[in-house]
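Just so you know, ligand 1 is whichever comes first in the structure, and atom 1 is the first atom listed for that ligand. Here the structure is a predicted model, which is why all the values come from computation and not from measurement.
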Amino acid sequence: MSNPIYLDYHSTTPVDRRVAQKVYDYMVHNFGNSSSIDHIFGDRTQEAIKKAKRQIADLINSSPQEIIFTSGTTESINLVIQGLQPSRIIISPVEHKAVIDTCQAMAKKGLAEIIWLKVDKKARIDFNHLEKVCSQGADLLCIMGANNEVGNIYPIEEIGKIAQKYHIPFLCDGSQAVGKIPVNFEDWGITFLTISGHKLYAPKGIGALVIRKGYRLQPLIYGGGHQNGIRSGTLNVSGIVGLGEACYLRQLEMQEDESAIALKRNHLQSLLQSKIPQLVVNGDTENRLAGNLHISIPNVPNSAIIARIRHQLAISTGSACSSATVSPSHVLRAMNLSDDLIEGALRIGVGKFTRDIEIEKSADIITNAVEKIFQLTSIYDADKFTRI
Ligand code: PLP
């Protein structure tokens, strides 16, 4: 059986073959431990790590010395929030659970107070409120570069200016942004930036944390004092090489790739809109990731659609799954969408390997499923839903 069409690029991306080739080389041939200082295997991997840091730094305009490697954004976020030990934290309610749960765990232990930002129905941040709460002082501000559900791109440069004005360290979850949109660590006043390999065509389980010069974090993991004692443990050299190569390729190809991705996303959106007139597009459509299409189909539960199409098409409901229970998305709740829109929500993620033919087929698959569900639930009305 052939694979279903993959349109879930926010969840994870396939590894670029050119990246996989490098990773393979550093797993099988150049497999040395970068802490081995007595032989050439160690020397080679140290060189490779240096090169990867340069490649990452070039993509985000930081210094290579500001980069440490982690397993991904969840770990990087935990390291910042737990390692900085802030007592007043300002966060957006549409942050990833990695931020929200870590802050809430600190709050539960009585270590931190959370100040929630206000967002509107399109998940845009209320800047007057942001300025007001920042003016009252805080020890950390957490706002993501781009949202993993509705795809909003946040004005990080402007947010960084506000953070700097009030001397508040600024943590930017860059997992969905880096490699898809320009991010300028140095000039945009970001204090901590997180990167995930598996969102930009590198492997899973490798990521980075960029820490602005002059800031020091308490480690979460103690051990051999690797990475200046901030994150001990033998470095994942092959993953690091892969992350570096992926960043290098994104720098070369991002602009062209993302323009092509946006055209495909727009085509899919118009195909769906023409066939399902009641379809609603969620989020800030003026400022969203090129590959993001977040829709709601009122009166059609997303679970019913997924059940019908999962053997043909991989898209997601965007629900947060935790310990076997599926709860409605906290992002859509924070946006104050109606239950109907939340229940009918689907997240579609187009990526650089998506082909035009897959866009056409996906539109048909979704449309057919919706039509069948309408018929079965006897709310089918040829005026409301017209197959073309
Ligand atoms: N933050 C955002 C916005 C994400 O999309 C994800 C991944 O789903 C994470 C954090 C967690 O990243 P990782 O899987 O690298 O730990």
**Q** Return a table of donor-acceptor pairs under 3.5 angstrom between the side chains of residues 290-297 and protein atoms on other chains or two or more places apart.
**A**
| residue | atom | partner | partner atom | Å |
| --- | --- | --- | --- | --- |
| Asn292 | ND2 | His10 | NE2 | 3.0 |
| Asn292 | ND2 | Glu149 | O | 2.9 |
| His294 | ND1 | Asn282 | ND2 | 3.1 |
| Ser296 | OG | Asn282 | ND2 | 2.9 |
| Ser296 | OG | Leu341 | O | 2.7 |

**Q** Can you name the residues that form a side chain to side chain contact (heavy atoms under 4.5 Å, CB included) with Glu256, not counting sequence neighbours?
**A**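 Once residues adjacent in sequence are excluded, Glu256 has no partner under the side chain to side chain contact (heavy atoms under 4.5 Å, CB included) criterion.
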
**Q** Quiz question: by atom type and distance under 3.5 Å, do the side chains of Lys180 and Gln176 form a donor-acceptor pair?
**A** yes

**Q** Any protein N or O within less than 3.5 Å of an N or O in ligand 1? List each pair with its distance, or say none.
**A**
| residue | atom | partner | partner atom | Å |
| --- | --- | --- | --- | --- |
| ligand 1 | 1 (N) | Asp173 | OD2 | 2.6 |
| ligand 1 | 1 (N) | Ser175 | OG | 3.2 |
| ligand 1 | 5 (O) | Gln176 | NE2 | 2.7 |
| ligand 1 | 8 (O) | Lys199 | NZ | 2.7 |
| ligand 1 | 14 (O) | His198 | NE2 | 2.9 |
| ligand 1 | 15 (O) | Thr73 | N | 3.0 |
| ligand 1 | 15 (O) | Ser196 | OG | 2.6 |
| ligand 1 | 16 (O) | Thr74 | N | 2.9 |
| ligand 1 | 16 (O) | Thr74 | OG1 | 2.6 |

**Q** Is the charged tip of Arg212 near the ring of Phe192: under 6.0 Å from the six-membered ring centre and within 45° of its axis?
**A** no

**Q** Using distance alone, with no hydrogens and no angle criterion, decide if Thr45 and Ser34 have a side-chain donor and acceptor under 3.5 Å apart.
**A** no

**Q** Could you work out, with salt bridge (Lys or Arg N to Asp or Glu O under 4.0 Å) as the rule, every residue matching Asp339, not counting sequence neighbours?
**A** Arg333

